[in-house]
Enquirer: 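Mind looking over this structure? Questions follow.
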Amino acid sequence: MGLLLMLLVVVLGMVVLGVIVTRVNRRQVEARREAEMAPVRKLAFEDVTALGTELQDLDLELAGHPLDAGANADYQRALDDYESAKAAADAMKSPEDVKGVTEIIEDGRYAINCVRARVAGRPLPTRRPPCFFDPRHGPSVYDVPWTPPGGAEREVPACALDVERVRAGAEPDIRKVMVGTQRVPYWQGGRAYRPYAAGYFGAFSPMDWMFAGLLFSGMGGFDALGGIGEGIGEGIAGVGEGFGDLLGGIGEGFGDLFDF
């Protein structure tokens, strides 16, 4: 009886340890996911705010200008996109969800351009991808040859101001994000920023070609290690759960030995 009781205590202790290991690993995985999510969420809300500012500017431009049915429809579409983008940003649960937010913002900016064209009596603009260097610059006007540091030349869509900068050999106005203590272009921010770009550019030219050689790879080594760490953590958590279940079953078996 003494030996069986001691063995039961050991088994129960191992079950408790397995449960603790499982919970600790789950918390670590959740903490890492939240750390990955936080900067992307911030980026999404900044872009939504920028769209709202553009709508305010549009209101000032339209003061005193009657809108025909087409301009009214495009204006309402831009307003609806703004509200939808806010709701989508509020509902984000993972970095992948930002794709839906930036898709909506891209559509809203095009609708704003359509309103301006209709009011000015111009043909509707051709729908082009946003400025590669910073999607907040709005729809691009040209594709400009650009060579990133240490990379190969490629054609990228750019707004008028960035076209001028690149052609003059100056640095374009690049959207940068914080990675640790460094500010880097958004495409070097890590894998969490890929959906952000996919929402803006995925419906246009092949995105991988535009970002070739630098597609969210600036911190790629850290991302790879982080992914491995997450996988190991989840694996350990699974082992802990399985081990806990196994020991729990053994404990139940030992308990049955004392049922008379």
Side-chain angles (χ1 to χ4, degrees), residues 42-90 98-146 154-168 170-177 185-187 193 195-207 210-211:
K42 179 176 181 293
L43 203 70
F45 278 107
E46 287 176 355
D47 285 28
V48 172
T49 299
L51 178 62
T53 301
E54 290 179 51
L55 283 168
Q56 291 176 351
D57 293 342
L58 181 65
D59 286 340
L60 294 176
E61 292 176 29
L62 296 179
H65 293 280
L67 302 182
D68 60 20
N72 260 318
D74 285 329
Y75 180 64
Q76 187 59 52
R77 176 178 168 185
L79 291 175
D80 290 344
D81 280 340
Y82 174 60
E83 293 300 325
S84 297
K86 285 197 297 183
D90 285 334
V98 75
K99 181 176 183 290
V101 179
T102 51
E103 283 176 341
I104 297 169
I105 293 174
E106 186 278 324
D107 185 74
R109 288 205 175 101
Y110 177 69
I112 289 173
N113 278 8
C114 287
V115 173
R116 288 185 171 125
R118 290 182 190 277
V119 171
R122 301 190 304 267
L124 292 181
T126 300
R127 190 158 188 168
R128 287 182 51 84
C131 178
F132 166 83
F133 300 108
D134 187 343
R136 293 177 302 176
H137 294 168
S140 58
V141 294
Y142 299 110
D143 290 341
V144 62
W146 176 70
R154 79 284 313 279
E155 297 273 332
V156 298
C159 65
L161 290 177
D162 278 329
V163 167
E164 289 181 11
R165 292 185 182 103
V166 172
R167 288 177 175 172
E171 178 76 10
D173 184 14
I174 296 174
R175 180 74 178 278
K176 294 188 177 181
V177 298
Y186 69 90
W187 56 76
Y193 291 91
Y196 170 82
Y200 277 128
F201 301 103
F204 297 95
S205 59
M207 203 176 77
M210 186 166 37
F211 290 91

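Just the heavy atoms: all of them, side chains too, but no hydrogens, waters or symmetry mates, feed the values below.
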Enquirer: What closest approach, in Å, do Ile105 and Ala85 show between heavy atoms, and which atom pair accounts for it?
Expert: CG1-CB, 3.9 Å

Enquirer: How many angstroms lie between CG in Asp74 and CG in Asp68, if you round to the nearest 0.5 Å?
Expert: 9.0 Å

Enquirer: Measure the CD1-OG distance between Ile104 and Ser84 for me, rounded to the nearest 0.5 Å.
Expert: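 Separation between the atoms: 5.0 Å.
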
Enquirer: Quick one: are Leu43 and Val98 in side-chain contact, heavy atoms under 4.5 Å?
Expert: no

Enquirer: Show every ring-ring contact (aromatic ring centres under 6.0 Å, His included) that has at least one partner inside residues 113-145, sequence neighbours left out.
Expert: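 Residue pairs passing ring-ring contact (aromatic ring centres under 6.0 Å, His included), neighbours aside: Phe132-Trp146, Phe132-Trp187, Phe132-Phe211, Phe133-Trp146.
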
Enquirer: Can you tell me how far the CG atom of Asn72 sits from the CG atom of Leu67, to the nearest 0.5 Å?
Expert: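 So the CG of Asn72 and the CG of Leu67 are separated by 5.0 Å.
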
Enquirer: For residues Pro125 and Arg116, determine if any side-chain heavy atom of one lies less than 4.5 Å from a side-chain heavy atom of the other.
Expert: no

Enquirer: Leu62 versus Val115: any side-chain heavy-atom pair under 4.5 Å?
Expert: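 The answer is yes; the side chains approach within 4.5 Å.
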
Enquirer: Report the C-alpha distance between Val101 and Tyr196 in whole Å, list the side-chain angles of each, state the deciding distance to 0.1 Å, and finish with yes or no for side chain to side chain contact (heavy atoms under 4.5 Å, CB included).
Expert: CA-CA 8 Å; Val101 179; Tyr196 170 82; over 6 Å; no

Enquirer: Could you tell me whether the side chains of Gln76 and Asp80 share a donor-acceptor contact shorter than 3.5 Å?
Expert: yes

Enquirer: Would you call Val156 and Val144 a side-chain contact if the rule is heavy atoms closer than 4.5 Å?
Expert: yes

Enquirer: Strictly distance-based, threshold 3.5 Å: is any side-chain N or O of Arg128 a donor or acceptor partner for the main-chain N or O of Ser140?
Expert: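 Judged by distance alone, yes, a pair lies under 3.5 Å.
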
Enquirer: Nearest heavy-atom pair of Ala89 and Val48: which atoms, and what distance?
Expert: CB-CG2, 4.3 Å

Enquirer: Measuring from Phe204:CZ to Glu106:CD, what's the distance to the nearest 0.5 Å?
Expert: 4.0 Å

Enquirer: Measure the spacing between OG1 of Thr102 and CZ of Phe201 and express it to the nearest 0.5 Å.
Expert: 9.0 Å

Enquirer: Quick one: closest heavy-atom pair of Gly108 and Ala78, and the distance?
Expert: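 Closest heavy-atom pair between Gly108 and Ala78: O-CB, 3.9 Å.
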
Enquirer: Does a side-chain heavy-atom distance below 4.5 Å link Asp57 with Ile112?
Expert: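 Asp57 vs Ile112: side chains apart.
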
Enquirer: Hey, could you give me each pair passing ring-ring contact (aromatic ring centres under 6.0 Å, His included) that has a residue in residues 46-83? Not counting sequence neighbours.
Expert: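 Residue pairs with at least one partner in residues 46-83: there are none.
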
Enquirer: Should Arg127 and Asp107 count as an ion pair when the cut-off is N to O under 4.0 Å?
Expert: yes

Enquirer: Specify the closest pair of heavy atoms between Met210 and Pro157, including all atoms of both residues, with the distance to one decimal.
Expert: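 Looking at all heavy atoms of both residues, the shortest contact is SD-CD, 3.2 Å.
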
Enquirer: Quick one: CG on Leu55 to CD on Glu83, what's the gap to the nearest 0.5 Å?
Expert: 9.5 Å

Enquirer: Between the side chain of Asp47 and the main-chain N/O of Arg136, is any donor-acceptor distance below 3.5 Å?
Expert: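 Not at all, since once roles are kept as given, no pair shorter than 3.5 Å links the two residues.
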
Enquirer: Applying salt bridge (Lys or Arg N to Asp or Glu O under 4.0 Å), can you list everything that pairs with Lys42, at least two apart in sequence or on another chain?
Expert: Glu46

Enquirer: Under a 3.5 Å distance rule, please check whether Arg109 uses its side chain to pair with a backbone N or O of Pro135 as donor and acceptor.
Expert: yes

Enquirer: Would you name the heavy atoms of Cys159 and Cys131 that are closest together and state the gap between them?
Expert: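 Distance-wise, the nearest heavy atoms are N-SG, 3.4 Å.
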
